[in-house]
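Working notes, structure below.
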Amino acid sequence: MTAPPAPGEWPWSAGFSSLAAERDYRVEDIDGGMPASLRGTLFRNGSGRNDLAGAWFPHWFDGDGMVSAIRFDETGLHYRNRYVRTDNYVNETREGRILYRGFGKMRPGGVLANAFRQPANVSNTSAALLGERLLTLWEGGPPFALDPRTLATLGVEDFGGKIRAFSAHPKLDPVTGELFNFGIDYGRKTTLTPYRIDSGGLTRLPPVSLPYPVMNHDFVLTERFLVFCIGPILANPLKFMLGFSSFDGALHWDGGRPTLILLIPRDGLGPPRFIEMEPFFQFHFANGFEEDGALVLDLARYPDYVAIGDALRNFWRSNFAAGGMAALTRLRVDLSSGAVESRIFKTGPAVEFPRVDPRLVGRRYRYAYIADNPPGRARGLQQRVTRVDVESGATVSHDFGPDGYAGEPIFVPSRPDGEEDEGVVLAFVFDAAERRTAVVGLDARALDAKPLFVARLKHHVPFALHGQFTERLF
Ligand SMILES: [Fe+2]
């Protein structure tokens, strides 16, 4: 039911409550000061509505995409939010009940009401500026284009019919300006299609057949490759297509199979290469690069999809138990022998949402920013933002406890040619005591110090997933 959960049991849980209102206001309740160098717009996307007709959705990923835009300009800070006008959002809002299948939700009416229906695009996973349009991303289908100034939905963007699925983690090469992404199609064969977007538009690179249907969320861009770690989280397309289960219900972890490291040449020339290693699962990579004949991949590595799959399914009433959650891990893949070495960084438990300086995507880098929990914390959503020096292993954390829950940390450089950690780390932090969300800025070089600023919104923002900062003012 939609009644807020009892405080104390899952203290973070009210952060999943839906936010129906669409707001547009100047933020006045600010501690500290905005650095003069911080000018631009932060876009974030996530499930804004997680319940309907008195019931929570069966899975966190079913929620309707809602974009927040925070503008930092010389007059201060401005907040705006809008739902993406997907068919799912528009029609279920009008009817006040579930009409579509989702990632976990099913249409009422059983098998016949669900058979041969694809999950509705809820466009809830990330937001990326492309030229004059803001794209909201969802890996099962094409993006929606929004006006970045008003957040009004303009329509579906399928790049002239060239794409069907378009993942939520495109990678911008900071040197060449090319944007890479991929989509997975589950047909008679499962194919992964890489895309390149440059000044000439979108180009499809040769599709790669996967040996079985899998769910894959993110990838790494290096100077020569798109790199995937395809864990054995298998989908059963028949069970799904015939309407016997949701997409989530058709997924299962097969720990008897390897994780496949897949290298696709980013110039589209040459065959893909598969390297087998022991099974693991990841949603997200921090970064990766090539060095001395090896491929270095840094990721939030889960032992499998069991604990995290269960936690996401029970989101509002999950313990988010630390056991089975992710650790920040470095894989070093020897490109001649295919041998893989693994190293775990010492951080707190429940690592997620790794980000790096956008100027160093695909390049050797030093600092990853993650959300994690204090050491020894056995359960709960992440309360810290931690900077990890991936060269020395040293960490510095900012702990938002006891009532604060931090989302994805986004690093914003202070100046274009500044050093790697010269900048601000921006995060949305949900205050479970006040049931409000704050936009918090931390000095990346003094993460454990008092925040540079805490800008309290008038309301909460349901826990979001991903976003992007642009120096442009919208
Ligand atoms: Fe993601």
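Positions are given from 1 along the sequence. Worth saying up front: this structure is predicted, and the values here are computed from it rather than measured. In listed order, ligands and their atoms are each counted from 1.
Panel note: side chain Ser246, backbone Lys105; no donor-acceptor pair is recorded below 3.5 Å.
Dense packing is recorded around CD of Glu22, with more than 12 heavy atoms of other residues, nucleotides or ligands lying under 6.0 Å away.
When all heavy atoms of His217 and Phe283 are compared, the pair lying nearest together is CD2-O, 3.5 Å.
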- Task: Would you sort out whether Thr93 and Arg49 count as a side chain to side chain donor-acceptor pair (under 3.5 Å), showing the intermediate values?
- Result: CA-CA 10 Å; Thr93 302; Arg49 178 169 68 185; 2.9 Å; yes

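With waters left out, the protein N, O or S atoms under 2.8 Å from the Fe ion (ligand 1) add up to 4.
For the pair Arg101 and Phe240, the cation-pi test (distance below 6.0 Å, angle within 45°) is passed.
Taking the six-membered ring wherever Trp is involved, the centroid distance between the rings of Phe228 and Phe182 falls below 6.0 Å.
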